[in-house]
Each structure stands twice: as C-alpha cells, then as structure tokens.
Amino acid sequence: MLIKPPRLWIKTTKLTNFRNYTLLSLDTDQRPAVFIGTNGAGKTNLIEAVSLLSPGRGLRRSAYSDLARCGGTGDWAVAATLYVNDEKTTIGTGVQPGNTAHKRSGRIVRINGTSQSGTGILANYTEMIWLTPASDAMFTGPVSERRRFIDRLILCFDPDHSTRTLQFERAMRQRNRLLHHDGNSSQLSGLETIMAETGVAISAARLEAVLSLRATMHIRQQKRSDTLFPLAKLDLEGDLECALKNNPAIKVEDWYRNQLTISRESDRAAGRTLVGPHRSDLIVSDGLKGMLARNCSTGEQKTLLISIVLAHAELVSERRNGIAPILLLDEIAAHLDNMHRAALFDDILRIGTQAWMTGTDYIAFSHLENRAQFFEVENGHIKRL
C-alpha cells in the first residue's frame, strides 16, 4: 500500500492552563498520532486545543471561559508550529486574564508573532475536519448540526464562507428586530439586500460542495470497489438550493430579495425569518441501500460519516496539490469492527493526512503499529510510547 507523507502537519503543540493541562509541550512527526488513555485523562481536551488552531470555537464549541484550567486565573493559551510543505508557521491563540472570554473578541490570535483580527484568518493556514462521539448523532439530531457540518467542510475550499455566514446571520437578526419594532422600509430593504447576496452565496457554496463530494465518492467507489465504507448519497433540501439548481445566482438573489419583502408580515407574526439558508438541511442516505441515514443503525451511520470525511479529505488534497486536511478523530474506533478500523487506517495513510486519533484501547489501533506515533495520556500528562 502506498503511504503518502502529509504535507500539512503539526510539529510542536504547547498548552498553558488549558482544561486539565497546566503546561504541556508535545512534539509530533508527520505520521498519524494515536493518543491512548482512560476516560477523563485529557485526550479529547488535547485535540480540542488543536481544533482551536482553525477558525471558530473548536470541536466542542465551548465558551472560551470554559476552556481555562479549573483553579487557574482564567487565562489559557494554545500554540503550535506547523508546516505546509516545507514552509513553517507559528500560531498562537488564547485569552488573557480578565477578558470577557465568551465574546468573540476575547480570543487572541497571532500568526508568526503578529496579532490578527478574528479567527477567520486561521483558515489560510490550517485545514481541519473532526469527528467526535457527538457527531454520531448528527443524522438524528437538530438540522443546525448538519448545516454546521457541511459549512465546516466548505471552509477548506473557501475561507470566506464563515464570514458570509456571520454577515447573513447578523443582518437577519437585525431585520427580525426591526420587524418586531416596526422598523422603516428602507432599513429593511438594506438588510434584505445583504441577506440576499450572502444567503445565495452560502447556498451556492453548499450546493457546490455537495456536488463535488458526490463526484469524489463515486470515483472512490470505482477505483476501490472493495472499500468497506458505503457510498453516501448527499443532497440539500432548501428553497435557495432548489432555485439554484435551475437558475443563475443573480436571478435567485432577486427572487430571494423579493421573497423577504413580501414575507415581512408573516415573518413578523412568526418572530423569525422563514426562508433562507438558515432553514436548509443536508440529507444523507446510504447510496447502496437507498436508506436515509437517520434510519440506519449506529454502526452504519458511523461508516457513512467516515465515508464523507474521507471523500472530503481526498477532494481537498486534489484541489490543494496534495495537501490534505488534518483529521481530528475522537474515539474513532467505537462502533467499528476490526475490518472497518483497518480500512480507515489504510485510507488515512493513503490520503496522507496527519490524523490525530484518541481511544482507550491500544489494541484497537494495532493495525497502525510501526506506521503511526503512539502516546499515553494520563491526568493531563503525555508520554510517547
């Protein structure tokens, strides 16, 4: 089996007062990294810290104040040295004592020692996708989780996607407030123009991502017909996505702007905006069985999720000249049998990603012996095995 060395990888990770870590300095090489330890040892805390090297609030979406070590002064920091090909970048992020850390402005970001405005800049340096035990409920949980999942995937192609999403949500909240307080028509029109422009762009990006993932998964099936991970059939359900399938974006913008205007009274009565990308849903089904993912077994849902993530990693690698995203896979061995675990690990090595994986049982990762780096995590301390 061909093993591709990662071209995006983290060399050094340092944590200060983060969760159950007082001080940590961890050196890693380009191989996949496996962290073994009992529940509560700090495995998920570690990869959560790594996830904060990318835009947003990390894999748990915790308030920044919750990330500080219990009994500490309220500050925390995560720093890393990473490489893209042979180019070295240092990233630091965290909050200082006394900051109102629940606010987005409370998080500091520095790239190569220079302070940055907001976390969005991190998308230019790191690309990460994660699966956690909470992800297993994505198909049966709130629709917002599925939108968040596809939006996370899009960030690896389009770093500005999260900015447009924030602009849309901000304009929508302002419009809802104006409707509640009988705001004037010109103000509403201005906000509706912003919503139409950003909303259609958001839906178009989601639609393009789904179509690209579909194509990549079909290619995976054709090249590797023996793969144990099922063909996941993806679709988007929403008014804007439906309109974009048959019309140019500029025409859909005009239609959506008009819809917002004529629905002011119904939106005022409902207390929310009833049409837009915030109402769209990602529909996933098993492409071979034709069964909706929400009706599949827990194990089948897990393999469908993994199938999507692996296809996404391949798609990013193809578009980025071989640079695959870093995968953060928390308790990934759960609900997978030995054959599926081996298939997953082989795919990780073939794609060439520095995957960070956690688990409680070394034996579950034995297929990676001599091909990955192993660490033991215990009470906020890590040692190489």
Side-chain angles (χ1 to χ4, degrees), residues 32 34-48 50-51 54 56-62 128-156 209-210 213 217 220 227-237 281-313 325-345 347-348 353 355-361 363-365 367 377:
V34 180
F35 298 90
I36 305 297
T38 59
N39 293 328
K43 306 184 301 296
T44 304
N45 293 343
L46 172 65
I47 63 170
E48 178 183 30
V50 172
S51 74
S54 64
R57 288 164 47 193
L59 59 81
R60 280 176 170 146
R61 294 183 56 79
S62 299
M128 294 184 189
I129 297 300
W130 48 75
L131 291 178
T132 71
S135 304
D136 293 351
M138 186 184 77
F139 299 128
T140 56
V143 62
S144 58
E145 292 301 317
R146 293 185 287 281
R147 285 195 298 269
R148 189 173 292 122
F149 176 75
I150 191 67
D151 286 343
R152 183 83 222 166
L153 300 184
I154 292 169
L155 274 184
C156 291
V210 163
L213 283 168
M217 280 187 280
R220 276 173 56 84
T227 181
L228 295 179
F229 294 103
L231 176 69
K233 182 181 177 182
L234 308 180
D235 204 355
L236 285 167
E237 187 177 84
D281 194 2
L282 174 67
I283 308 299
V284 180
S285 58
D286 186 315
L288 298 179
K289 291 184 175 182
M291 183 184 294
L292 288 172
R294 65 171 176 264
N295 297 326
C296 292
S297 70
T298 301
E300 288 172 327
Q301 290 174 352
K302 184 113 179 181
T303 57
L304 283 168
L305 264 177
I306 292 173
S307 180
I308 296 169
V309 167
L310 291 175
H312 174 264
I326 293 172
L327 301 182
L328 305 178
L329 306 175
D330 192 23
E331 299 292 345
I332 192 61
H335 305 302
L336 293 181
D337 57 34
N338 291 335
M339 292 179 62
H340 280 90
R341 285 198 293 262
L344 169 62
F345 301 150
D347 261 331
I348 285 171
T353 167
W356 292 52
M357 295 171 280
T358 71
T360 57
D361 185 5
I363 295 175
F365 298 90
H367 190 74
V377 184

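Given the structure is predicted, the values throughout are model-derived calculations rather than measurements.
Residues I129 and I326 are not in side-chain contact: their nearest non-hydrogen atoms beyond the backbone lie 4.5 Å or more apart. Taking 4.5 Å as the limit, every side-chain heavy atom of M357 sits out of range of all side-chain heavy atoms of I47. S62 is listed as a side-chain neighbour of E48, based on a closest heavy-atom distance under 4.5 Å.
Judged by distance alone, the side chain of T353 and the main-chain N or O of I348 form no donor-acceptor pair under 3.5 Å. At distances below 3.5 Å, at least one donor-acceptor pair connects side-chain atoms of T132 with backbone N or O atoms of A134. No donor-acceptor pair under 3.5 Å is formed between the side chain of R294 and the backbone N or O of F139.
The two atoms that bring M217 and S307 nearest to each other are SD-OG, 4.0 Å, heavy atoms only. Looking at every heavy atom in both residues, M291 comes nearest to N295 through SD-O, 3.5 Å. Among all heavy-atom pairs drawn from I36 and T360, the shortest one is CG2-O, 3.9 Å. Of all the heavy atoms in S54 and W130, the pair that sits closest is OG-CZ3, 3.6 Å.
Rounding to the nearest 0.5 Å places CG of D151 at 11.0 Å from OG of S144. Atom OG1 of T38 is separated from atom NZ of K43 by 6.0 Å, given to the nearest 0.5 angstrom. Atom OG of S51 sits about 7.5 Å away from atom CZ of R152, to the nearest 0.5 Å. The line from CG of L304 to CE of M138 is 9.0 Å long, rounded to the nearest 0.5 Å. To the nearest 0.5 Å, atoms CZ (R148) and CG (L153) are separated by 13.0 Å.
Under 4.0 Å is where a charged nitrogen must lie from a carboxylate oxygen, and between D281 and R146 at least one such pair does.
Annotation: side chain to side chain donor-acceptor pair (under 3.5 Å) contacts involving residues 325-334, sequence neighbours excluded, comprise T44-D330, D330-T358. Evaluation of the ring pair (Phe, Tyr, Trp, His ring centres under 6.0 Å) test over residues 285-313, restricted to residues two or more places apart or in two chains, returns F157-H312. For residues 300-311, the salt bridge (Lys or Arg N to Asp or Glu O under 4.0 Å) pairs, not counting sequence neighbours, are D136-K302, K289-E300.
W356 and F35 have parallel rings, their planes meeting at less than 30° on a 0 to 90° scale where 60° marks the start of perpendicular.
For the side chain to side chain contact (heavy atoms under 4.5 Å, CB included) with I306, the lone residue among L327, D347, I332 that qualifies is I332.
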